[in-house]
Each structure stands twice: as C-alpha cells, then as structure tokens.
2 protein chains.
Amino acid sequence: MELEEAKQKFIQAWGTFGSNWGINRTMAQVHALLLISSEPLCADDIMATLKISRGNANMNIRALIDWGLVYKELKPGERREYFIGEKDMWKVVRQIIVHRKKKELEPVLKILEELKDIEGKEEENEEFVKVIKDIQLFSEKADRVLDKFIRSDSSWLMNAFLKMI
Amino acid sequence: MELEEAKQKFIQAWGTFGSNWGINRTMAQVHALLLISSEPLCADDIMATLKISRGNANMNIRALIDWGLVYKELKPGERREYFIGEKDMWKVVRQIIVHRKKKELEPVLKILEELKDIEGKEEENEEFVKVIKDIQLFSEKADRVLDKFIRSDSSWLMNAFLKMI
DNA sequence: TTCTTTTTTCAAAAAAAAATGAAACCTCAT
DNA sequence: ATGAGGTTTCATTTTTTTTTGAAAAAAGAA
C-alpha cells in the first residue's frame with residue numbers, strides 16, 4: 001500500500017468513526033488530516049485535499065479550534081493562517097471528553113435532578129422512581145470518572161487501565 | 001410537577017440524549033417509555049403515547065429487541081404482541097456497549113491493523129506512523145476495558161469505579 | 001484611503017436520515 | 001379456504017443536517 005493511499009484511508013476511516021460518534025464527518029476528516037500532517041496546512045490545502053468548499057472548511061476548522069484539537073499558526077511575513085493539529089493523543093481524547101461531557105452528560109444530570117422533585121410525592125409509581133434513581137446513580141459515577149480523567153495525565157490513565165484489567 | 005409531566009419530560013430527555021449518541025431519537029424514546037412503564041405495552045400504546053406511525057413504531061421496537069433492550073411478551077389468549085423494557089440498568093448499559101463496540105470500535109481496530117502494513121516501509125513519515133500507533137494503543141486499551149466490562153457484573157463495575165476515583 | 005488578499009457568514013441547495021401510510025403479508029379461528 | 005386482526009415492508013414524503021458559494025467583513029500593504 002502506498003503511503004498516500006494509507007493516509008487517505010485513515011482520513012476516511014476517521015470520518016466514519018467520527019460520524020458514528022455524533023461528530024460531523026467533515027470535522028473528523030479535517031482533524032485526521034491535520035493529525036497526520038507534519039506541516040501546518042492552510043484553508044486552501046484542506047479544501048484541496050478533502051475536496052470541500054471554503055465555507056465548509058472554515059466552519060469545521062473553527063469548530064476544531066473551539067474543541068482545542070487544532071491551533072492556529074501564523075507564519076512570519078505570511079498573511080494567510082495555517083493550522084496544526086494537536087498531536088498528543090491523550091490530550092486529544094481529553095479534549096473530546098471535556099466537550100462531549102459538557103454537551104451530553106451534564107444536561108442529563110440536570111434533568112434527572114429536576115425529575116427527583118416529583119418522585120417523593122407519589123409512592124405508587126415505583127418503576128419510574130427506580131429507573132430515574134438507577135440512571136442517576138450510573139451517570140453520576142460516569143461524571144466523576146470523567147472528571148478525574150479530564151484532570152489526569154496519561155500515566156494516571158495507564159494505571160487506571162491496568163487496575164481495571 | 002405532575003407525574004405524567006415528569007414521565008413525558010424523561011422521554012423527551014432520553015430521546016435527546018440518544019440522538020447525541022448516534023441513536024435515533026424515536027428509538028431512544030420508545031426505550032424510555034418501556035423503561036418507565038410497569039405494564040407491558042403493545043404497538044398501539046406506543047404509537048399513541050409518542051404520536052408516531054405504525055411503521056416507525058414497528059421499526060424501532062424491532063431495533064430495540066435486536067439490541068437486547070426490549071423483550072416481546074405474549075399474553076395468553078391475546079393475539080397482539082406486548083413489549084417490556086429491560087429494567088436492569090447495568091444490563092442496559094452493557095447491551096448498549098456490546099452493540100456500539102461492535103459497530104464502532106472494532107472497525108477502527110481493523111483499519112488500524114491494516115494501516116500498519118505500510119508503516120514499516122517508510123521511515124520518513126514519522127508523524128503518520130506515530131499517530132497510528134498512538135491511536136492503536138488507545139483503542140486497544142479501550143477494547144480490553146470494554147470487553148471486561150461486558151463480561152462483568154455490576155459489583156465489578158462498582159469496584160472499578162471506586163478504584164479509579 | 002484604497003486596493004488586495006484572506007476569512008467569515010449565511011441564505012439557499014443538496015444530501016442524508018427518519019417517518020409515514022398503505023399494501024402485502026402472516027397467523028390463527030372458524 | 002376464508003376472513004379478522006395483527007405485523008412487516010418499503011416507496012414516498014418530511015425533516016434534519018450538512019454543504020455550497022457568493023457576498024460581506026476584516027486585515028494588512030501601499
């Protein structure tokens with residue numbers, strides 16, 4: 001297999017993977033491209049490689065910068081912006097978790113908390129109460145583990161993995 | 001807050017949560033409904049409560065049965081099918097992990113393995129090789145942890161949580 | 001300031017995903 | 001075999017998400 005072919009394959013795979021995880025396919029592809037590129041790339045490079053429009057490229061680059069997965073790099077004497085991907089995988093995973101936790105787990109915790117208000121009143125409806133409590137139990141544990149993860153470095157993570165297995 | 005209102009809110013929240021996780025909103029809502037219902041429900045009950053069509057209800061009920069999150073229940077002397085949700089939360093989470101791991105993690109592992117073939121050849125392209133290796137390292141660990149999780153019972157999981165925090 | 005280059009925005013178009021509903025299909029009781 | 005009551009399928013429609021592209025805005029350079 002050619003190196004270029006392999007890179008292409010990786011970009012496609014990462015795109016598919018991303019879209020399975022609620023991350024827009026193009027955003028994941030831009031991320032993959034910057035991840036495996038040793039040189040900083042500009043918007044036109046990304047547009048050309050992924051065959052996407054300028055608007056699309058811009059949107060997704062911004063999103064990646066928001067997520068802390070890509071940095072802007074200014075070359076002295078050059079007007080256009082270049083971008084580099086965060087290469088530290090542990091950091092990448094951490095950042096993804098920070099964002100997804102905020103967007104997806106925290107609202108659930110909030111709603112579960114609200115739903116507790118009713119529970120007390122009606123003893124009749126055990127099924128409902130039990131489900132809410134179980135989900136809350138689980139998601140609060142997940143919340144804590146993720147927080148720990150977010151604050152930790154890769155050696156902690158390695159240790160945690162080892163302990164679990 | 002009324003009990004019915006609370007249930008409705010839970011169903012909506014679970015739907016939103018699901019769609020953030022790559023699970024179709026309606027499927028998550030059907031799941032939520034069956035989770036908090038103490039009685040088995042038939043297709044018409046589900047259609048009426050969620051205001052969805054017969055086809056849609058059928059599709060999503062089947063998908064939930066596939067995922068092992070819902071069971072068919074036949075009432076003696078009754079022709080129509082009733083459905084009950086799996087109420088054991090640990091089991092629910094386990095089943096979800098089994099399915100998503102198969103669909104989403106395993107293909108990535110497979111592709112990473114394929115991409116290793118090229119790596120050896122070209123020492124020049126360190127960036128690419130390193131990224132692939134790092135992702136592989138991480139995803140293999142995740143794979144093992146999830147396998148362990150899938151085979152374990154809730155007490156193991158609790159322990160693992162405690163050890164990590 | 002004015003011209004040039006680059007980035008950003010956003011309404012409209014396209015694509016993808018999900019839902020509908022009616023016909024086809026089962027399955028059982030008669 | 002027939003029909004009633006239920007389930008499944010799937011072409012079509014609707015909704016949602018993503019992408020485009022051109023105009024507007026910004027950011028120097030002269």
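We name chains A, B, ... by the order of the sequence lines, and we start the count at 1 in each one.
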Any chance you could measure L105(A), atom CG, to I97(A), atom CD1, to the nearest 0.5 Å?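 Interatomic distance, L105(A) CG to I97(A) CD1, rounded to 0.5 Å: 11.0 Å.
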Any donor-acceptor pair under 3.5 Å from S37(B) side chain to L33(B) backbone: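 Checked: no pair found.
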Just by distance, do the side chain of D45(A) and the backbone of C42(A) share a donor-acceptor pair under 3.5 Å?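 The answer is yes, because a donor-acceptor pair under 3.5 Å joins these two groups.
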What's the [atom1]-[atom2] distance between [X] and [N], to the nearest Å?
X: I46(A); N: dT7(C); atom1: CD1; atom2: P; result: 10 Å
X: D45(B); N: dT7(D); atom1: CG; atom2: C1'; result: 15 Å
X: E78(A); N: dA29(D); atom1: CD; atom2: P; result: 12 Å
X: I52(B); N: dG21(C); atom1: CD1; atom2: P; result: 12 Å
X: F83(B); N: dG6(D); atom1: CZ; atom2: P; result: 13 Å
X: I65(A); N: dT8(C); atom1: CD1; atom2: C1'; result: 12 Å
X: L74(A); N: dG28(D); atom1: CG; atom2: P; result: 9 Å
X: N20(A); N: dA17(C); atom1: CG; atom2: P; result: 10 Å

Any idea which heavy atoms bring F149(A) and R94(A) closest together, and the distance?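 F149(A) and R94(A) have their closest heavy atoms at O-CD, 3.6 Å.
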Where do K87(A) and S38(A) come nearest, in terms of heavy atoms and distance?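 In terms of heavy atoms, the two residues are closest at NZ-CA, 4.4 Å.
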Hey, which of these two, R79(A) or R25(A), hits DNA chain D nearer its 5' end, going by closest nucleotide?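 This one resolves to R25(A).
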Closest-nucleotide mapping onto DNA chain C: is M59(B) or M59(A) further toward the 5' terminus? I mean the 5' end.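 Nearest-nucleotide comparison on DNA chain C picks M59(A).
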Nearest-nucleotide wise, let me know which of R80(A) and G55(A) is further upstream toward the 5' end of DNA chain C.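 Whichever sits nearer the 5' end wins; that is R80(A).
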So if I take every side-chain heavy atom of R62(A) and compare against dA18(C), dT7(C), dT8(C), which nucleotide ends up nearest?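 Closest nucleotide among those given: dT8(C).
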Please tell me which of the listed nucleotides, dT18(D), dT7(C), dT20(D), lies nearest to the side chain of R54(A)?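 Comparing dT18(D), dT7(C), dT20(D) against the side chain of R54(A), the answer is dT7(C).
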May I ask you to verify if any side-chain N or O of [X] is less than 4.0 angstrom from the OP1 or OP2 atom of [N]?
X: N58(A); N: dT7(C); result: no
X: T26(A); N: dT19(D); result: yes
X: N56(B); N: dA18(C); result: no

What does N24(A) touch in the nucleic acid at a heavy-atom separation under 4.0 angstrom: a base, only the sugar-phosphate, or nothing?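 Since only primed, P, OP1 and OP2 atoms lie under 4.0 Å of N24(A), the category is sugar-phosphate.
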